[in-house]
Amino acid sequence: MPDRDLPPYRRIADDLRAAIAAGRLTPGEKLKSENELKDEYGTTRVTVRKALSLLKADGLLISEQGRGVFVRQPPRVRLQTTGANFRERRSTGVSNFTAEAAAQGQRARQQILSVERVPAPAEVAERLGLPADTSVILRRRAFFIDDEPMQLVDGYYPEELFAGSPVERPGRIPGGVSALIEDPAGPVGQRIVRFVEDLEIRMPTPSEVGALRIPPGVPLARVLRSACVEDGRVVEVLDSRVPGDRHRFQYVIYVP
């Protein structure tokens with residue numbers, strides 16, 4: 001459709017979108033007020049508001065109460081997934097998320113929200129090789145950077161392996177659950193040899209919007225990660241929900 005045939009709010013939105021893409025409007029920059037944009041484009045505030053709403057829905061702008069409208073910051077944490085990466089971080093006892101954040105000059109922390117026994121959801125039970133609704137141990141955690149919520153992570157563990165272990169207690173585990181899995185004296189006593197990740201992009205639920213402070217129009221990445229040990233068993237399934245405006249995923253795949 002030629003530009004002249006577009007409704008006025010679309011032409012304004014396209015102009016602002018092009019300015020963001022070209023770097024004329026930079027991440028974190030405050031836009032002109034609705035009145036200023038109205039005068040600049042020779043239109044009404046209603047038209048400007050429709051244009052800004054469209055860009056907010058596209059995840060390019062964000063409103064801050066009492067401050068104005070800003071260009072959204074790009075993803076703040078790169079999450080790199082490689083086998084060597086995992087093995088190197090395992091030797092230090094630092095989680096991958098914490099290590100990635102520190103490498104990018106950011107301060108990360110995690111909070112254990114709850115630990116309980118629950119019936120395994122069907123997709124988790126399938127990955128663990130258990131009958132549906134089998135009781136499993138669920139560890140719910142939230143990850144933050146500089147007190148901004150970045151991820152919600154639910155970890156599911158077979159009761160038959162982890163009952164009575166530190167996994168069932170609401171405290172930090174030195175080196176994380178991966179260290180416990182690989183500890184020769186632990187409940188599994190085997191090396192993790194493979195991760196399988198299923199990535200889903202969707203819009204967040206209302207509870208996810210609240211817990212992660214997700215602005216309107218921003219999608220959520222859901223990653224189901226299964227950890228396999230030497231004898232082929234899946235001993236951990238992590239269900240991570242990640243706001244799309246705060247992360248960039250990088251997978252390094254070695255092809256023999």
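What's counted below: heavy atoms across the whole structure, side chains too, no hydrogens, waters or symmetry copies. None of the values given here were measured: they were computed from a predicted structure.
Annotation for A163 and R117: closest pair CB-NH2, 3.6 Å, computed over non-hydrogen atoms. Nearest heavy-atom pair, D14 versus R17, reported as atom, atom and distance to 0.1 Å: OD1-NH1, 2.8 Å. Across K38 and T43, no two heavy atoms sit closer than the pair CG-O, 2.8 Å. Looking at every heavy atom in both residues, Y157 comes nearest to L238 through OH-CD2, 3.8 Å. In this structure, I112 and P170 approach most closely via the heavy-atom pair CD1-C, 4.1 Å. Closest approach of A13 and L55 over heavy atoms only: O-CD2, 3.7 Å.
A salt bridge does not link R222 with D198: every distance from a Lys NZ or Arg NE/NH1/NH2 to an Asp or Glu carboxylate oxygen is 4.0 Å or more. Using a cut-off of 4.0 Å between Lys/Arg side-chain N and Asp/Glu carboxylate O, R139 and E168 are scored as not salt-bridged. Remark: R202 engages E208 in a salt bridge, criterion side-chain N to carboxylate O under 4.0 Å. Salt-bridge formation is not detected for the pair E236/R225: no Lys NZ or Arg NE/NH1/NH2 atom is positioned less than 4.0 Å from an Asp or Glu carboxylate oxygen. A salt bridge links E40 with K32: the distance from a Lys NZ or Arg NE/NH1/NH2 to an Asp or Glu carboxylate oxygen falls below 4.0 Å.
Put simply, CD1 on I214 and OG1 on T205 are 8.0 Å apart, with the number rounded to the nearest 0.5 Å. Separating the CD atom in E148 from the CG atom in L212 is a distance of 9.5 Å, to the nearest 0.5 Å. Note that CG of L130 is 10.0 Å distant from CD of E159, once rounded to the nearest 0.5 Å. Going from atom CG of L52 over to atom CD1 of I62 covers 13.5 Å, rounded to the nearest 0.5 Å. With rounding to the nearest 0.5 angstrom, the OG1 atom of T47 is 11.0 Å from the CD atom of E34. Separation of atoms CG (L60) and CD1 (I20) is listed at 5.0 Å; rounding is to 0.5 Å.
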Problem set entry | Audit row: Q190, D231, side-chain contact (heavy atoms from CB on, under 4.5 Å) steps and yes/no | CA-CA 8 Å; Q190 296 185 41; D231 65 8; 2.9 Å; yes
For this session: Check the pair L61, L31 against side-chain contact (heavy atoms from CB on, under 4.5 Å), reporting the backbone distance first and the verdict last.
Result: CA-CA 9 Å; L61 301 178; L31 266 64; 3.9 Å; yes
Problem set entry | salt bridge (Lys or Arg N to Asp or Glu O under 4.0 Å) between E116 and R140, worked out | CA-CA 9 Å; E116 55 190 309; R140 295 188 185 275; 3.8 Å; yes
For this session: Could you give me the CA-CA distance, side-chain angles and deciding distance for Y9 and T44, then say whether side-chain contact (heavy atoms from CB on, under 4.5 Å) is met?
Result: CA-CA 10 Å; Y9 81 93; T44 66; over 6 Å; no
Exercise. After noting the C-alpha distance and the side-chain angles of R10 and L54, does the key distance pass the side-chain contact (heavy atoms from CB on, under 4.5 Å) rule?
Worked result: CA-CA 8 Å; R10 282 286 305 277; L54 181 61; 3.7 Å; yes
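Side-chain atoms of T26 do not come within 3.5 Å of backbone N or O of G23 as any donor-acceptor pair.
With V188 as the partner, the side-chain contact (heavy atoms from CB on, under 4.5 Å) test is satisfied by one option alone out of D183, L161, V177: L161.
Connection of V136 to V167 is not established within any shared hydrophobic cluster, with ILVMFWY side chains joined at heavy-atom distances below 4.5 Å, either directly or through further cluster members. One hydrophobic cluster, built from ILVMFWY side chains closer than 4.5 Å, holds both I12 and L25. In this structure, F249 is a member of the same hydrophobic cluster as I201, with clusters built from ILVMFWY side-chain heavy atoms closer than 4.5 Å. Under the 4.5 Å side-chain heavy-atom criterion for ILVMFWY residues, no single connected hydrophobic cluster contains both V235 and L128. I145 and V218 are not part of a single hydrophobic cluster, where members link through side-chain heavy atoms under 4.5 Å apart.
Taking the side chain as every heavy atom from C-beta outward, E182 and I192 approach each other to under 4.5 Å. Looking at E64 and F70, their side chains come closer than 4.5 Å, going by heavy atoms from C-beta outward. The side-chain heavy atoms of R141 and Q151, taken from C-beta on, include no pair separated by under 4.5 Å. Between Y156 and I137, the closest side-chain pair of non-hydrogen atoms is not below 4.5 Å. Side-chain contact between L220 and V242 is absent, with no heavy atoms from C-beta onward closer than 4.5 Å. Side-chain contact between V196 and R127: absent, with no pair of heavy atoms (C-beta onward) separated by less than 4.5 Å. By the 4.5 Å heavy-atom criterion applied to side chains, L180 and P187 are counted as neighbours. Between V237 and L224, the closest side-chain pair of non-hydrogen atoms falls below 4.5 Å.
Heavy-atom contacts from other residues, nucleotides or ligands closer than 6.0 Å to CZ of R194 number 12 or fewer.
Between the side chains of K56 and S63, a donor-acceptor pair is found at a separation under 3.5 Å.
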